[in-house]
Amino acid sequence: MIYLIFTQDGFEEAKNIIIEEKATLWVNEDLLSDQQISELTQAAISVHTLPNKVDPNDEKSILAALKLIEQDAPKTEIFVEYL
């Protein structure tokens, strides 16, 4: 399972589920603090930074991020934060 998160509120809402399910996490650069990344790493969560900042209000931007992730993990379920 993969979570695609764009905002701090979205991360806080999904954090427990991500850790519980040992999901992979994709986020915008600079979204997570060093402490948050450390906590996720200790919980064996794989955190990936998107190569381009995704505007969560721009559908094309979200679709581009999804395409990138699907190329990396084509058969994995992806949960996307929508505002």
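Since this is a predicted model, take the numbers as computed values, not measurements.
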**Report entry** From OG1 (Thr24) to CG (Asp72), nearest 0.5 Å
**Finding:** 8.5 Å
**Report entry** Rounded distance [0.5 Å steps], NZ in Lys15 versus CG in Leu40
**Finding:** 7.0 Å
Answer yes if [X] and [Y] sit in the same cluster of Ile, Leu, Val, Met, Phe, Trp and Tyr residues linked by side chain heavy atoms under 4.5 Å apart, and no otherwise.
X     : Y     : value
Ile17 : Leu31 : yes
Ile18 : Met1  : yes
Leu63 : Ile2  : yes
Val47 : Phe6  : no

Query raised in the report: Who passes ring pair (Phe, Tyr, Trp, His ring centres under 6.0 Å) against Phe79, sequence neighbours left out?
Result: Tyr3
The criterion is side-chain hydrogen bond (donor to acceptor under 3.5 Å, both in side chains); which residues satisfy it with [X], sequence neighbours excluded?
X     : value
Thr7  : Glu81
Glu12 : Gln36
Glu70 : none

Query raised in the report: Pick one: which of Ile69, Leu66, Ile5 meets side chain to side chain contact (heavy atoms under 4.5 Å, CB included) with Val80?
Result: Leu66
Other residues, nucleotides, ligands: >12 heavy atoms within 6.0 Å of [X] [atom1]:
X     : atom1 : value
Glu13 : CD    : no
Asp34 : CG    : no
Lys22 : NZ    : yes

Report task. List in chain and number order the residues that pass side chain to side chain contact (heavy atoms under 4.5 Å, CB included) with Asp58, two or more places apart in sequence or in another chain; answer none if no residue qualifies. Result -> Asp55, Lys60, Ser61
Requested in this report: Could you tell me whether the side chain of Asn28 and the main chain of Lys53 form a donor-acceptor pair under 3.5 Å?
Outcome: no
Query raised in the report: Taking side chain as C-beta onward, heavy atoms only, is Leu32 less than 4.5 Å from Leu25?
Result: yes
Requested in this report: For residues Val27 and Phe11, determine if any side-chain heavy atom of one lies less than 4.5 Å from a side-chain heavy atom of the other.
Outcome: no
Query - Residue pairs involving residues 26-74 (criterion ring-ring contact (aromatic ring centres under 6.0 Å, His included); sequence neighbours excluded) - result: Trp26-His48
